[in-house]
Amino acid sequence: MTPVNTLIAKELRCFVVSPVFYVVGAVFLFISGFLAHLMVVNAGQQALRFLQMQNTYAQLNLNELVFRPIFHSLAIVLIFLLPMLTMRLFAEERKLRTMELLLTSPIGINEIISAKFMSVLIIYLGLLGLTGLTPFVLSFYSTFHVDPILTGYLGLALQGAFFLSCGVLASTLTENQIVAAFLSFGIIIVFGLIGGLGSMLGDTTLGAVISYLSFVEHFDRLVRGLLEAKDIVYYLSGTVLMLFIAHRVVDSHRWQ
Amino acid sequence: MISVQHITKRYGNHLAIEDVTFNVKRGEILGFLGPNGAGKTTTMRIITGFMPASEGTVQVAGFDCFEHPQEIKKRIGYLPESPPLYQELTVTEYLRFVGQLKRLPPSRVPGRMAQVIEQLGLGSVRHRVIGHLSKGFRQRVGLAQALIHDPPVLILDEPTIGLDPIQIIEIRDVIRGLAGSHTVILSTHILSEATAICDRVVIIDRGHIVAEDTPAQLSSRLRQSEKISLTVKHPPDNWRERLSTIPGVLQVIQGPTPETSIIEYELGQDLREDIAQFVVNQGVGLLELKPLSLSLEDVFLQLTQQDENLAHAQDASPSSHPSLPVENRTQA
Ligand SMILES: Nc1ncnc2c1ncn2[C@@H]1O[C@H](COP(=O)(O)OP(=O)(O)OP(=O)(O)O)[C@@H](O)[C@H]1O
Ligand SMILES: [Mg+2]
């Protein structure tokens, strides 16, 4: 076991006994299941209507009718749920003074931050993986394009990772977990809202830059099945940047 | 083994410690003594690499704190002021976690865990969740955490705080048992603790080192005269005047009871025989004759108060530079 693996294992162990973990997991899975149910029922009704009016079976586009709305709704749910996973990561260590143990152990701050980030990422990807049940089950009863589903899941994974890194940063900024949760919620919302600002500015250079900074259009492209390098680069660089700032914050606490 | 060189730490504008210098030899137990807010915790945090000094450097086992912080961290076991415990973990889970975190080879982890659990009497609580333990047991788990990777250097910030008297004795024995093979710095307010377990004490007050020596040397060095307590059965009327006629006696003062007198005489003389002879000749019924030595408590008060006086003196006349009470401080 390297110290990083040790730290990841410890974080996961602490999550398993934490009620927050179960609440977040249950809410996430319930919402995703409920959304799938809603969308499938909706698609079914449309098919029925089509049948009554045209007297033939409709070639419904399930990707558009079911999966795209699910992906978009889940992305919004993540804004509220993921800060609850990340809030305790550093805030609690500072509050309980266990940071003193970590910082006097022979591991670097970057290792501490990557371990914490990895632990919540593992939990999130696990939950996301469970929602894969919906397309899996639907694939037996209908036909749809698989590629947009895959890029959609990639989008959710990348967007989740980015939100989690925002949460890690927020957690380093305060000793109070609730404050950390609201702070990361705030950071994520800002990244969402600037997308609107960007599209208001239209086709100007500034507009393009601001739109690029927001995750909204990157996510949209992935959900529509477009796999482009710039979107992947956006998420990865955003995540790394947030974790880097978190590193600076933790380091600066030592110097205060 | 540990060399602290001219370290200064500022928190914003607040000067927590200033120009602190001391050395600890391999295998030595150094007591770090001082009133609240003296800067003990601050100094220890700098040595362990938890935070950097504003000025000055620290070397541990020949490694510089700025150049090889990880090498230093591998060699130090640290018990912070409040034990860094994860409430959700059981004692064994926690100790395994710390052992791995400190890069203890996996093959040694089970052995070391068994050893520290035995050493600190944690056997009965090994499978309990730390959040459910009493304060004393948490303190022990904190100590176990510092020892788990068998580090050559131990930094213990108030290791016996919150323990009951029997546990205190046990833990002191554990620390005493580390002497020789381990280099230990421990901080405490309890002076008898420093006398009991430390080879040397450093007294720090308001961020400055005011004295550094063995406990015995410190108390004898600060004595300005020898004092003896004399108790007789029937002290006559002018008993104290009569006592002061003994050659060499400087002063005789009333002790805590009318039968007791405190006789003060010059340092380096031994008047005990003369006094005994005199009392027997007077036929007043000698009950007790015992030398009074300055306790570390007295030393401590004397040093910290002298320091205060010095500060006042310096305020009044900046030109006069009063010498510190302890002249031959061990320097680097
Ligand atoms: N994080 C901090 N920010 C600002 N000032 C601090 C901080 N930590 C300590 N100080 C100040 O530095 C000085 C030294 O504190 P330190 O904790 O080292 O004392 P101490 O000798 O350990 O005291 P105690 O016996 O109470 O534990 C105190 O005046 C304290 O107020
Ligand atoms: Mg302290």
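Just so it is clear, the model here is predicted, and its values are computed rather than measured. The chains referred to below are lettered A, B, ... by the order of the sequence lines, with proteins before strands, and numbering in each begins at 1.
Between A:Y234 and A:Y212, the gap from one ring centroid to the other is short of 6.0 Å. If you look at A:F219 and A:F71, their ring centroids are not closer than 6.0 Å. When ring centroids are compared, A:F80 and A:F163 stay outside the 6.0 Å threshold.
The candidate from A:N5, A:T104, A:L7, A:L103 with the greatest count of non-hydrogen atom pairs under 4.5 Å with chain B is A:T104. Interface remark: of the candidates B:Y11, B:Y78, B:Y86, B:Y86 forms the most heavy-atom pairs closer than 4.5 Å to chain A. The residue among A:C14, A:A9, A:G108 with the most heavy atom pairs within less than 4.5 Å of chain B is A:C14. Among A:E111, A:R254, A:E93, A:M99, the residue with the largest count of heavy-atom pairs under 4.5 Å with chain B is A:R254. Comparing B:R10, B:R103, B:Q145 by how many heavy-atom pairs each has under 4.5 Å with chain A, the most go to B:R103.
For a residue to count as touching a neighbouring chain, one of its non-hydrogen atoms must lie under 4.5 Å from one of that chain's; by this rule B:L101 touches chain A with backbone and side chain alike. Using a 4.5 Å cut-off between heavy atoms, B:V109 does not touch chain A at all. Only the side chain of B:R45 comes within contact range of chain A, judged by heavy atoms closer than 4.5 Å. Using a 4.5 Å cut-off between heavy atoms, A:R13 contacts chain B through its side chain alone, with no backbone atom that close. For B:E71, no part lies near chain A; criterion is any non-hydrogen pair under 4.5 Å. Looking at B:L85, the atoms closer than 4.5 Å to chain A (heavy atoms on both sides) all sit in the backbone: N, CA, C or O.
A donor atom on one side chain and an acceptor atom on the other are not found under 3.5 Å apart for B:T188 and B:E158. With hydrogens and angles left out, the side-chain atoms of B:K102 and A:S105 include a donor and acceptor closer than 3.5 Å. If you check the side chains of B:E18 and B:H208, you find a donor sitting under 3.5 Å from an acceptor.
One finds the CZ atom of A:F28 at 5.5 Å from the OG atom of A:S32 (value rounded to the nearest 0.5 Å).
At most 12 non-hydrogen atoms from other residues, nucleotides or ligands lie less than 6.0 angstrom from CZ of A:F244.
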